[in-house]
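Sharing a structure here in structure tokens format.
Keep in mind that this is a model prediction, so the values were computed, not measured. Every chain is numbered from 1, with letters handed out A, B, ... down the list of sequences.
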Amino acid sequence: MSTAATPKLSELARAAPPYLDGLNPEQRKAVETLDGPVLMLAGAGTGKTRALTTRLAHILATQRAYPSQILAVTFTNKAAREMRERVGALIGAGVEGLPWLGTFHSVGAQILRKRAELVGLESNFTILDTDDQLRLMKQIVQAEELDEKRWTARHLASLIDRWKNRAWTPDDVPEGESYAFADGKGAHLYRIYQQRLSTLNCVDFGDLLLLNVRVLRENPDVLDEYHRKFRYILVDEYQDTNTAQYLWLRLLAQGSNNICVVGDDDQSIYGWRGAEVDNILRFEKDFPGATVIRLERNYRSTGHILGAASGLIATNKTRLGKTLWTDGEEGEKVEVRGVWDGEEEARAVASAIENWNSKGRKLTDVAVLVRASWQMRAFEERFLQMGIPHKVVGGPRFYERQEIRDAHAYLRLVRAPDDDLAFERIVNTPKRGVGDTSVRKIAEAARRANMSLSAAAGLLLETDEIKGPARAGLKSLLADLENWRGAAATMRHDELAEKVLDESGYSAMWKADKSAQAQGRLENLKELIRAMGEYGSLEAYLEHVALVTELDQVTSDDEVWLMTLHAAKGLEFPLVFLPGWEETVFPSQRSLDENGAAGLEEERRLAYVGLTRARERAVILFAANRQIYGRWQSVLPSRFVDELPSEHATVASATGYGASAEPTFAAVTEAGDPFRSTYESPGWKRFQAAQAKGLRTPPVIEGDGRVIASENQDARVTVGARVFHQKFGYGQVLQVDGAKLIVDFEHTGRKKVLDSFVETH
DNA sequence: TGGGGGCACCTTTTT
DNA sequence: GGTGCCCCCA
């Protein structure tokens, strides 16, 4: 948070208030209803951010509160930043001094650092990233001697996360829930985990809120202080709050009873991480006398896009229901396009983008929104091939990359010698001969003497328990650390980082690596040092990276946006592509499996969010075949395609699937009738079932004067057919056994059992 | 101790 | 297709 001086109210008052101009009556009401709780139900594209930021500006401009008396929380750093900028633009300078505008987690961390002692922490506690969390859990699972395969650390982590989202401490976990892990040991492991965190002076993400709630509940004087402090509370994306966030807000809002929340139940897409749509549905009960304001006038999309989106979301049963309207143009109908496979999908999108671009429209007006990040790769490859500039938003996270985490671990260890997680991470990276056996010895010694790993390592070196290369490696590491700690006192932290990476041999390790990624990793390390320079101290930098997942990249370049649907929330684009609308992909099979009807509704909201990002034009695509985990599968169009009202959506490619002439994957039968085969793959069965139901299906492709049964692995092949496999080359089918093929490969001279195969050129 | 080969499992979305 | 894990050998 900024430390800039708080502006004088008189300065703010002088700012002219033309900011109210151009607001519609509902928005204006949302800005000017300042005497009690307000619930703003704001549909997509109805100007809710504008209403919210204007409200904040209005409070300041009318001198109702000092900037430091306003608590404004968002979910993402991006949203917080945007709010700050927009308030600044509305009323001029002074917003730097909004110290309590931030994400739930950053504000939570801010409060917790001040009150850490109340929950048994020191104020310089470390915020763990998910990687550290998993290591810790793994250790705990191991220590409890559980079957690590059956009860994975990942599983435990997600359970504990869920419990924390619900604001449950280990004592609150109901017995039934506890049985979700290791036959009833769930709560026990949760308790051990919390003890470990506390010993290490660490918190995880969930703690930032959960411990806040504890502080406020258990210390009336502290709560009272914040009651007096926060005269106005503003909350963005209220439909995404989880129970812990809700309790936190409710505690804080008891003081002024002046809380304004904005949200849209139709855009609740974070149920999987604990969001409770109920929070928004219940708001009027929680805050009696609340004013409810509905923003239903959409300023963003054309009539057809809005109509298609509204028609789709109307299928959902659990919703408050809104009627969005626009008096803008009807525009074009939403275009639905069937393609053969993922590659054709990427080709189709790329050429449509070129077409758009050739008409003088900007690339930065175009977004490709996918359900899951693995879908991005096909687009990236195609864009690269065609030279279409693009940016991937929320791709592999900078601060979560291995090399960045390793570098952080070194720095954490320089700063705090007893950071065991950091020690463990880098003790043998780069390799210095300290293997598992040595690490285990150190850990045992540490446990016996109740000290940190690095202290125990120091002690062990005075005995002869560790010998050979391990001894030398450990010795030089400890000496280096001491040396760096000395240097830290006088050096700038970014220079120190460079020194550490150099002298530890870490940079050298990647320089010696000749693989393609190593170069990128070195560049990332350089970028890291550059980024560190932007912060005043190592502490400030580390706090930033713990709470922010992205490196700020302010690219105003003319580039196509490529991102997930989740990442696209809050954004808008003239042209939006929505690929992968196929059953199992979107709606995601996993979501359906895990959450049934509720999961499906959330998927549908995601589709709604996607469509409503578009201003002028939306194109939906679905493929007939898709490669998932490297396996080809026949897939059916998403049910969402059928739910689009036909008066607002149209199937654009008359040929449906297979419009492209480029061959993809195929089983070519050399001789005989391909349909005589007994090979029945799951995909082939789905294909037949779809045909029986009269659904559109992939065509049977003809080529080279012969019938190719189908253009994917789900072709039917006969014994004796010559087939081609991407990895093993050409071979001959020896035997067909249910869904498996036994193939004799020419190059390797080996027989192989396959359940996925074959490709022609 | 470390590296290579074989193998199971897998991936939604994120502060 | 990619990764992480286990086992075996130098």
Separation of dT15(B) atom C1' from Asp131(A) atom CG, nearest Å, is 16 Å

To the nearest Å, give me how far apart CZ (Arg377(A)) and P (dT3(C)) are.
-> 10 Å

Pair Glu345(A), Gln375(A): side-chain N/O donor-acceptor within cut-off below 3.5 Å | no

Indicate whether OP1 or OP2 belonging to dT14(B) is found under 4.0 Å from a side-chain N or O atom of Thr130(A).
-> no

Given atom CD of Gln245(A) and atom C1' of dT15(B), what is their separation to the nearest angstrom?
-> 8 Å

side-chain N/O Asn242(A) vs dT15(B) OP1/OP2, d < 4.0 Å | no

Using heavy atoms to find the nearest nucleotide of DNA chain B for Ala470(A) and Asp161(A) separately, return the residue whose nucleotide is more 5′.
-> Ala470(A)

Rounded off to whole Å, could you give me the CZ-to-C1' distance for the Arg626(A) and dT11(B) pair?
-> 15 Å

Pick base, sugar-phosphate or nothing for Ser438(A), based on heavy-atom distances below 4.0 Å to the nucleic acid.
-> sugar-phosphate

How would you label the contact of Tyr270(A) with the nucleic acid (heavy atoms, under 4.0 Å): base, sugar-phosphate, or nothing?
-> sugar-phosphate

Just checking, is any N or O donor in the side chain of Asn279(A) or Thr241(A) under 3.5 Å from an acceptor N or O on the other one?
-> yes

Arg440(A) CZ to dT1(B) C1': how many Å, rounded?
-> 12 Å

Phe205(A) aromatic ring stacked with six-membered ring of dT15(B), 5.5 Å and 30° = yes

Side chains of Asp204(A) and Tyr193(A): is there a donor and an acceptor less than 3.5 Å apart?
-> yes

Of the candidates dT13(B), dC5(C), dT15(B), the side chain of Ser373(A) sits closest to dT13(B)

Residues Arg425(A), Asp131(A); criterion salt bridge (charged side-chain N to carboxylate O under 4.0 Å, His left out); working and verdict | CA-CA 10 Å; Arg425(A) 183 173 184 113; Asp131(A) 209 56; 2.6 Å; yes

Of the nucleotides dT13(B), dT15(B), dG3(B), which has the atom closest to the His566(A) side chain?
-> dT13(B)

Name the nucleic acid region contacted by Ser591(A), choosing base, sugar-phosphate or nothing; use a 4.0 angstrom heavy-atom cut-off, strictly under.
-> base

Using a heavy-atom cut-off of under 4.0 Å over every strand shown, decide if Lys467(A) touches base, sugar-phosphate, or nothing.
-> nothing

Rounded off to whole Å, could you give me the CZ-to-P distance for the Arg432(A) and dG2(B) pair?
-> 11 Å

Kindly state whether the ring of Trp248(A) and the ring of Tyr246(A) have centres lying under 6.0 angstrom apart.
-> no

Given DNA chain B, 5'-ward residue of the pair Glu602(A) and Pro469(A), judged by closest heavy atom | Pro469(A)

Has Phe104(A) got its ring stacked on dT15(B), by the test of a centre gap below 5.5 Å and a plane angle below 30°?
-> no

Give the rounded distance in Å between these two atoms: CG of Leu369(A) and P of dT13(B).
-> 14 Å

Is a donor-acceptor contact shorter than 3.5 angstrom present between the side chain of Trp374(A) and the base of dT11(B)?
-> no

dC5(C) P sits how many Å from Asp436(A) CG, rounded?
-> 12 Å

Would you check if there is a donor-acceptor pair between the side chains of Ser591(A) and Glu602(A) at a distance under 3.5 Å?
-> no

